[in-house]
Amino acid sequence: MVQPTSSLNALGSKQPSAEPCVLVIFGASGDLTKRLLMPAFYNLACDGLLTEHFAIVGMAMDELTTESFREKMATDIKQFSTRQEFDQNTWDWLSSRLYYTPGKFDDNAAFVRLAGLVSKLDERYQARGNVLFYMATPPPVFGLISSNIEKAGFKTSSAGWKRIIVEKPFGNDLPSAIALNREILTYWTEDQIYRIDHYLGKETVQNIIAFRFSNGMFEPVWNRNFIDHIQFSVAEAVGVEGRGAYYDRSGVLRDMLQNHMFQMLAYLCMEPPTSFAPEAVRNEKSKLLEAVRIMDAGSVRANTVRGQYGPGVSSDGKPALGYREEPSVPSLSATETFAAVKLFIDNWRWLGVPIYLRSGKRLWKRGTEIVVQLKSPPDIVFRGTPVASLEPNRLIFHIQPDQGIELRFQAKTPGPEMSLQNVNMRFDYSQAFTAPRATGYEVLIYNCMNGDATLFSRTDLVETAWRIAQPMLDVWKNEPADFPNYAAGTWGPKAAFELMERDGRKWVEILNRETLEKVPLFEGADTVFLASLILALKPVVFQPGDLVVRQGESGGEMYVISRGEVEVIDGSGNVVATLGEGNFFGEISLLTAAPRNATVRAKSYCDFFVLDKSGFTRVLRDRPQFLKSIMEIAQTRYNLSAQEVLSEHSDK
Ligand code: BG6
């Protein structure tokens, strides 16, 4: 079967195919293969990036045959493919290259059978003796597999390269990472080892360095003289999703910070490499992480916060279990599902600039963002004007689910008075590029097949990252926390806010389109429209007991709760509902002049995003095409007449 013709890349040129090879997946019957690897191979095939000289062999304990493996993959790809349209021809091409051999990882005979199959396929597909081994298995068997590969004679039997891809977690702490590195390095040389971190496969993460080093505009301010601080947030709305046994040995520091977040930190803060040659980039990343100040126990206590979720609500509004009630999690687990950390980079560029990182599971929204906040300008010029304070400029990298880069600044509000409004300039991937969605593994596998290790972690980087994490692991292990300390569906423990507020700073909460779309009024709205609405939102704070809206008053704002809880009170003074982070209220007031039908009171300290009628009207006025769809939604969802809505918004 001939591979479907190659496509053109975004620049209109044809990218070269990956080098020939037989790719062996250990643990091929597991989740990773069906969810990510197979869809990635399929995407590479669709883009014409695999050669005719390519085949895949799956090996795992399950007693599958090549036929049943192909059948299983054919079913799974329909579920996990990231493409909108399924291309049967391309799948048939790939499927005809899938093979399977059952075997345990400690069974020498199974590896001898594997070697026989690989050599047969090498001959059939003319793969030049190149073999890529993908360890889609837990790390404790990396050494065992490597030793059996060696015993089966793979490395001596043919010409061609031999490489391994190893999945995280790469070690469980510094000593185990060093031991694992030593073990693997007895079987492989550094240039054969490709330690994968799927965050580096994300276009938005790779774009951090492209953005920094291809634009002259930002590099001059990229240092302690101009930057006040940097924030990294990786918020997940999901819980541990059936991975309780793994997660409980890990926790968020090991699962997210030590790898994915430190990688992003390295990209954002490293010095310019001399080229994009793999070692040039890897050297700079390593140097940056080496400059991160290692905390002593006192600094860990002062500069870190950990949390574990208790029962609450999930992002779709359904009740959610607490972490300790999740399957396979011990009922008194001390594992953290949330962490916020303040780090410093002790080098010439960054000395004294705090770097805040936070990540957690079961938070009220999903979103990965990096905020680079510049120092505030002096506000003396604005004395005597209605401008009370100046907002600092912020450069925001939207990693996911929104993908883009945004620069927030202030502009004069039209009118005779000198007043300011927050505005932005935004680059959005979905508007600028039309590439189909990918898993992130495509570029990693493709690069590995071509021997390009830029996106993979070297021994020294992995160990340095553990060196930064180790004091936190030690202190946290010895000093148990009072868990659970945040409810599922909230923004994590209060102490995470205090960590920044003590420094006179705040986490910049980013309301993304996915979150705004949960408001029925905006469900399915156009991305441009949602992006404009997000900009029109203003942050507002209420203290416990404050009335936010009063029944009977004609209101003009819709509120999205970013932090805290409110009570909804009916006409007789009864609390009829309690709303928390991610909930919203007041949207009918945006649409009509009808009085509020309930009172809302802050139950705790609350942060809201507020969309007021004038902001909403302005967005609608700038984009009149959306008024029609808003009127339709108002009618079907809220039973409001088009006339009511029009009279509020058309003449303003
Ligand atoms: C994995 C972690 O490495 O990354 C998971 O083990 C986490 O716990 C996942 O959910 C997040 O990846 P992404 O691409 O969804 O941000």
Side-chain angles (χ1 to χ4, degrees), residues 27 30-37 39-40 43 80 82 134-139 165-172 177 195-208 232-265 267 306-309 314-315 320 323 326-329 333 335-339 357-370 397-403 429 437-445 455-457 462 465-466 469 488 492 510 512 514-515:
D31 246 30
L32 183 75
T33 307
K34 68 175 183 195
R35 282 176 188 276
L36 294 160
L37 300 185
N43 284 341
F80 296 110
T82 59
Y134 200 118
M135 309 262 190
T137 64
I165 295 186
V166 288
E167 273 288 337
K168 73 174 259 269
F170 202 83
N172 202 41
R195 296 178 191 81
I196 212 162
D197 182 313
H198 80 279
Y199 260 63
L200 296 187
K202 294 183 192 286
E203 284 294 344
T204 42
V205 173
Q206 291 170 51
N207 192 42
I208 296 172
F232 292 78
S233 284
V234 180
E236 294 193 272
V238 291
V240 290
E241 296 198 296
R243 294 160 75 223
Y246 151 76
Y247 197 86
D248 204 59
R249 278 179 275 114
S250 174
V252 74
L253 178 58
R254 294 182 172 96
D255 191 50
M256 297 298 294
L257 274 81
Q258 185 273 343
N259 36 63
H260 308 322
M261 295 188 78
F262 286 1
Q263 293 279 357
M264 291 194 286
L265 169 71
Y267 269 3
R306 60 197 147 136
Q308 186 193 73
Y309 62 87
S314 65
S315 55
Y323 175 68
E326 298 271 14
S328 313
V329 172
S333 169
T335 301
E336 84 289 349
T337 59
F338 176 98
L357 302 108
R358 77 177 160 169
S359 179
K361 294 232 181 251
R362 273 276 182 252
L363 300 178
W364 75 268
K365 69 167 182 84
R366 169 173 171 249
T368 299
E369 290 100 15
I370 305 171
F397 293 84
H398 296 273
I399 305 292
Q400 62 184 29
D402 286 358
Q403 302 193 326
Y429 270 82
R437 214 157 57 81
T439 65
Y441 275 74
E442 294 78 1
V443 62
L444 297 165
I445 294 166
L455 299 177
F456 296 85
S457 291
V462 171
W466 278 117
I510 312 279
N512 52 40
E514 196 174 274
T515 321

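Bear in mind that the values here come from a model prediction, so they are computed numbers and not experimental data. Indexing begins at 1, ligand by ligand and atom by atom, following the structure's order. Values reported hereafter were calculated over all heavy atoms of this structure, with side chains retained and with hydrogens, waters and symmetry mates removed.
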Inset, instruction - Check the angle between the aromatic planes of Y199 and H260 and answer parallel, tilted or perpendicular using the 30° and 60° thresholds. - result: parallel
Inset, instruction - Name the orientation class of the two ring planes belonging to Y323 and Y309 (parallel below 30°, tilted from 30 to 60°, perpendicular beyond 60°). - result: perpendicular
Could you tell me the residue and atom name of the protein heavy atom closest to [atom], and the distance to it rounded to 0.1 Å?
| atom | value |
| --- | --- |
| atom 15 (O) of ligand 1 | Q400 NE2, 4.1 Å |
| atom 4 (O) of ligand 1 | H198 CE1, 3.3 Å |
| atom 8 (O) of ligand 1 | D255 OD2, 2.5 Å |

In terms of atom number and element, which parts of ligand 1 are under 4.0 angstrom from non-hydrogen atoms of [X]?
| X | value |
| --- | --- |
| E236 | 7 (C), 10 (O), 11 (C) |
| K361 | 5 (C), 7 (C), 8 (O), 10 (O) |
| R243 | 2 (C), 5 (C), 6 (O), 8 (O) |
| K202 | 13 (P), 14 (O), 16 (O) |
| K168 | 1 (C), 2 (C), 3 (O), 6 (O) |

Legend entry - Residue pair Y134 / E167, side-chain donor-acceptor N/O under 3.5 Å: yes
Legend entry - Any I165 side-chain heavy atom under 4.5 Å of L444 side chain: no
Inset, instruction - May I ask you to test the K361-D255 pair for a side-chain heavy-atom distance under 4.5 Å? - result: yes
Inset, instruction - Going by the side-chain contact (heavy atoms from CB on, under 4.5 Å) test, name the single residue among T368, N512, I510 that passes it with H398. - result: I510
